[in-house]
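The model shown is predicted, which means the values in this text are computed figures rather than measured ones. Below, read A as the first sequence line, B as the second, and so on, with proteins coming before strands; counting in each chain starts at 1.
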There are 2 protein chains.
Amino acid sequence: MLTTENMSSPSQTDAAFLASYDPTAFERPSVAVDVALLTAFDGALHALLIRRPAPPEHDKHALPGGFVGIEEALDAAARRALRDKAGLDRVFIEQLYTFGAPRRDPRTRVITVAYVGLINAARFTAALDAKPGGEVARLDVPWEGETGGAVRAKSAVGKRLRLAFDHADILGMAVKRLRGKLNYTAVGFQLLPPAFTLRALQEVHETILGHDLNKDSFRRRMLASGALEATGEREEDVGHRPAELYRFVRQSAV
Amino acid sequence: MLTTENMSSPSQTDAAFLASYDPTAFERPSVAVDVALLTAFDGALHALLIRRPAPPEHDKHALPGGFVGIEEALDAAARRALRDKAGLDRVFIEQLYTFGAPRRDPRTRVITVAYVGLINAARFTAALDAKPGGEVARLDVPWEGETGGAVRAKSAVGKRLRLAFDHADILGMAVKRLRGKLNYTAVGFQLLPPAFTLRALQEVHETILGHDLNKDSFRRRMLASGALEATGEREEDVGHRPAELYRFVRQSAV
DNA sequence: TGAATAGTGTCTATAAGACAATATCCC
DNA sequence: GGGATATTGTCTTATAGACACTATTCA
């Protein structure tokens, strides 16, 4: 019933095979996760970076991350990195891309599964204040559209930061992904507080895309999409006519 | 085992650190690649599968794949899997998603970096004929749009195939990605021969998307995109007016 | 000549950009 | 009231869907 070209005896059961399997037969790479935690304010995207306290890449700035536990899911490892390195919980994350160039880490072969995390500016800055070690980096995206490529990171005082490993590429991929998603998903609200004005939403979109949007068209498109719901509340103390506050509606099945 | 940073002195140089680094300190997962090699014909997407000749998942159908060499780039491992398992070279591939649920492989922790590969039907069937072992599976996508989820695979005679590991999810993700890309990229030509008619291109798009498209609009959109170039040739022996043959133009910088 | 699909032209509906007019808040 | 932005309405333009009509090949 079974062919003879099998590598092990075909009559062997799965259980028997497992008992004889040697998991140390091949040299294995290390697997890590890194999270590009992004937020938007002051007209630019910002990421949370941590200065490396030790070699390799000593003193350079790196994304929060860590090695994946042998029994740990990838998403769980990413959430743990955010919790341990930034004191943050319940953050929207999404797997981005896996970076595995053989020499990307000088220690040994390290393959990293990169994630994007999105959070609103208030939570971002509160986390920085509450837990020392993290730094905010303003991202300077030197390409348009979804071209892609590395991005530059600047400190609060405008100084260019040196990024560890290939983390400039990871951040670039995160921005590229975000720009792409904006065309067909309402992902911008992850960068805003629960209630927000249409202008605030438009500013987030403009910040992500790196160019201005037509106000009328943006407004119509957002309201027509059905993703927004008026709260009945209005913004206050703004020095001009206050705008309606909206919230995002959980998308129902189409 | 869960901490990323080592406890060595921060003033230690990178070189000194590397000399003292112990790469076996943590238990490491195995890292593999799997390729969802897709083509389109007979109004359906098809994938190349290989019946597993041995445990685990003995006799179930799996994507071509393999473990990543300790010095091997991820893309290179994916190409090697296509070469070794299907005898195929120079195939368009793109990284898809990394699957790493702790128990997805019963042997040990295996994290797999999944790729999508696209190839035209002629090369696909030629490869199956030339190298035994591979089988063609017709994909049955039980969801619409970019909802996502697992897909079902059927053999040439219509029998449902049992897929190994989480490969039904990987194939589902591949279809979802392909559908998404179709909205903003000319990726369909990877599934067609070098010269093709507009109708053939439309059929590929319809096959990927799982629904019909408006002919007039599709035609206008494709010609206006600048991605197509008339060859001056026409199809032959078709029993009706022959259509112009087009080729894809390499996209120049926008 | 007839079957069958390719390709063109035109009309209509919808979405985007532009812009003007009015509304509403804080100072 | 003045400054500033929100919100509504209208006009114009670009694109998509629908459909009619002509063109071209093979049998």
Next item on the list: Using heavy atoms to find the nearest nucleotide of DNA chain C for B:R220 and A:V238 separately, return the residue whose nucleotide is more 5′.
Entry: B:R220

Check: Please give, in whole Å, the distance from C:dA6 C1' to B:L228 CG?
Finding: 16 Å

Next item on the list: Starting from P on C:dA15, measure out to CZ on A:F218 and report it in whole angstrom.
Entry: 17 Å

Item checked: Toward the 5' end of DNA chain D, by each residue's nearest nucleotide, B:D216 or A:H240 -> A:H240

Item checked: Within the 6.0 Å centroid threshold, strictly below: A:Y184 and B:Y184 -> no

Next item on the list: Let me know the distance between CG of A:D212 and P of C:dG17, rounded to the nearest Å.
Entry: 12 Å

Item checked: Check: A:F124 ring centroid to A:H46 ring centroid under 6.0 Å -> no

Checklist line | Touch class at under 4.0 angstrom, heavy-atom based, for B:R221 against every strand present | finding: sugar-phosphate

Margin query: Using the side-chain heavy atoms of B:P242, tell me which of these nucleotides is nearest: D:dA4, D:dT25, C:dA6.
Written below: D:dT25

Item checked: Whole-Å distance separating the CG atom of B:L213 from the P atom of D:dA18 -> 12 Å

Checklist line | Atom-pair distance (CZ on A:R241; C1' on C:dC27), nearest Å | finding: 18 Å

Checklist line | Sugar-phosphate only, base, or nothing, as touched by B:R199 at under 4.0 Å among non-hydrogen atoms | finding: sugar-phosphate

Checklist line | Residue A:K215, side-chain heavy atoms: nucleotide from D:dA6, D:dC26, C:dG17 that is nearest | finding: D:dA6

Next item on the list: Provide, to the nearest angstrom, the distance between the CD atom belonging to B:E236 and the C1' atom belonging to C:dA6.
Entry: 16 Å

Next item on the list: Report the residue (B:G239 or B:A243) whose heavy-atom-nearest nucleotide on DNA chain C is the more 5′ of the two.
Entry: B:G239

Notebook entry, point to check: Which whole-number value in Å describes the distance from A:L198 CG to D:dA6 P?
Noted result: 9 Å

Margin query: Under 4.0 Å, counting only non-hydrogen atoms across every strand here, what does B:E244 touch: a base, just sugar-phosphate, or nothing?
Written below: sugar-phosphate

Checklist line | Close aromatic pair by centroid cut-off 6.0 Å: A:F165 and A:F99 | finding: no

Checklist line | Nearest-angstrom distance from the residue atom CG of A:L201 to P of D:dA6 | finding: 13 Å

Next item on the list: Say whether A:H211 and A:E144, considering side chains only, have a donor N or O and an acceptor N or O under 3.5 Å apart.
Entry: no

Next item on the list: Show the numbers, then the answer: is there a ring-ring contact (aromatic ring centres under 6.0 Å, His included) between A:Y97 and B:Y97?
Entry: CA-CA 7 Å; A:Y97 196 82; B:Y97 196 83; over 10 Å; no

Notebook entry, point to check: What nucleotide among D:dT25, C:dG7, C:dT24 has an atom nearest to a side-chain atom of B:R219?
Noted result: C:dG7

